[in-house]
Number of protein chains: 2
Amino acid sequence: MRNTKQRQIVLDAVMQSRTHPKAEDIYSVIHAEHPHISRATVYRNLNQLTEMGQIRHVMMPGSSGNRFDWRTDHHSHLVCVECGRICDMEEHAPMADDQYAQEKTGYSHVSHVTVYYGTCPDCQKKQKH
Amino acid sequence: MRNTKQRQIVLDAVMQSRTHPKAEDIYSVIHAEHPHISRATVYRNLNQLTEMGQIRHVMMPGSSGNRFDWRTDHHSHLVCVECGRICDMEEHAPMADDQYAQEKTGYSHVSHVTVYYGTCPDCQKKQKH
DNA sequence: ATAGCTGCAAAATGTTTGCGCGAAA
DNA sequence: TTTCGCGCAAACATTTTGCAGCTAT
């Protein structure tokens, strides 16, 4: 894979993000600073960087567009149903769940994705008054 | 909500399905038998029936389009990574996981969606040949 | 030199919407 | 009869693709 300026810019944008941005969000940020970089290039590079394991594709249920994450280790996401903010979370007992699924269904090589939904502390405060 | 023929046809199609079809799949099935029913009507009714709790929107991670389920109770889904088949699965310890997330993050009213991925028994056989 | 990458525009995909007509209550 | 839902087509949102020229190796 070639090391182009465009690819570096896309990678940097994801590495500096902490909000689990959508592809389109990343494009917007990049486009503001580098208007000559095309949407296709951003999307292509996001996919390639994901394939090479340098960034992660956060698969969100629902059709609201997928997101990208600078963290590549296994962790879950917790979405605030009020403000949409997404925070990271370590998993409880990931192996046990996969094991359980495997035994119960006969499927092999089982893995999973869990997304949590709730109300974040900030939004809890706002709701009180 | 009015009880139209179209809405009944859409509901029947979902209730008879066992493959967790996408909206477009449901439209295809209906369109084959009732060519006069429009795509917009199918989509609108799927959304309305979901809102009323008569069917369920199965939120799949990834951007492969969301699916609909005749079952409205809480259960997980297991997707075969080879053939794409989706089967239902009861959850291991759903309450414990939500409790854990709540304590760990301070979010309230926590719920979650888990999707499992694996290789189904049929595809395991095929791979051995 | 020559793959591989880019920008552009168009296509593909999946879903929603505006509007005038028709049907359920 | 009046309101809600339908069919149609167009709009929309997001992502992918074909292609001709450019660039990193």
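Computed from heavy atoms alone, side chains included, the values below leave out hydrogens, waters and symmetry copies. Residue numbers start from 1 in every chain, and the chains themselves are labelled A, B, ... in the order their sequence lines are given, proteins ahead of strands.
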> When you check the side-chain N and O atoms of A/Q127 and A/E82, is any donor under 3.5 Å from an acceptor?
Replying inline: yes
>> Check for me whether the distance between the ring centres of B/F68 and B/H57 falls short of 6.0 Å.
In response: yes
> Between B/E24 and A/P35, which is nearer to the 5' end of DNA chain C once each is assigned its nearest nucleotide?
Replying inline: A/P35
>> Between A/N45 and C/dC5, is there a contact of a side-chain N or O with OP1 or OP2 at under 4.0 Å?
In response: no
> Using a cut-off of less than 4.0 Å, is there contact between a side-chain N or O of A/N66 and OP1 or OP2 of D/dT14?
Replying inline: no
>> Tell me if the side-chain of B/R39 makes a donor-acceptor pair with the base of C/dT15, cut-off 3.5 Å, by modelled atom types.
In response: no
>> I want to check something: taking the side chain as every heavy atom from C-beta on, are A/V81 and B/H109 in contact at a cut-off of under 4.5 Å?
In response: no
> Can a side chain N or O of A/R2 be found less than 4.0 Å away from OP1 or OP2 on C/dA3?
Replying inline: no
> Counting only side-chain N and O atoms of A/H36, is one of them less than 4.0 Å from OP1 or OP2 of C/dT6?
Replying inline: no
> Which nucleotide in the list D/dG7, C/dT6, D/dT16 gets nearest to the side chain of A/Y43?
Replying inline: D/dT16
>> Nearest to the B/T4 side chain among D/dG5, C/dC8, D/dA24, which nucleotide is it?
In response: D/dG5
> Cut-off 3.5 Å, side chains only: do B/H112 and B/E91 have a donor facing an acceptor?
Replying inline: yes
>> Closest approach to the side chain of A/A23, judged atom by atom: which nucleotide of D/dC6, C/dT17, D/dT15 is it?
In response: D/dT15
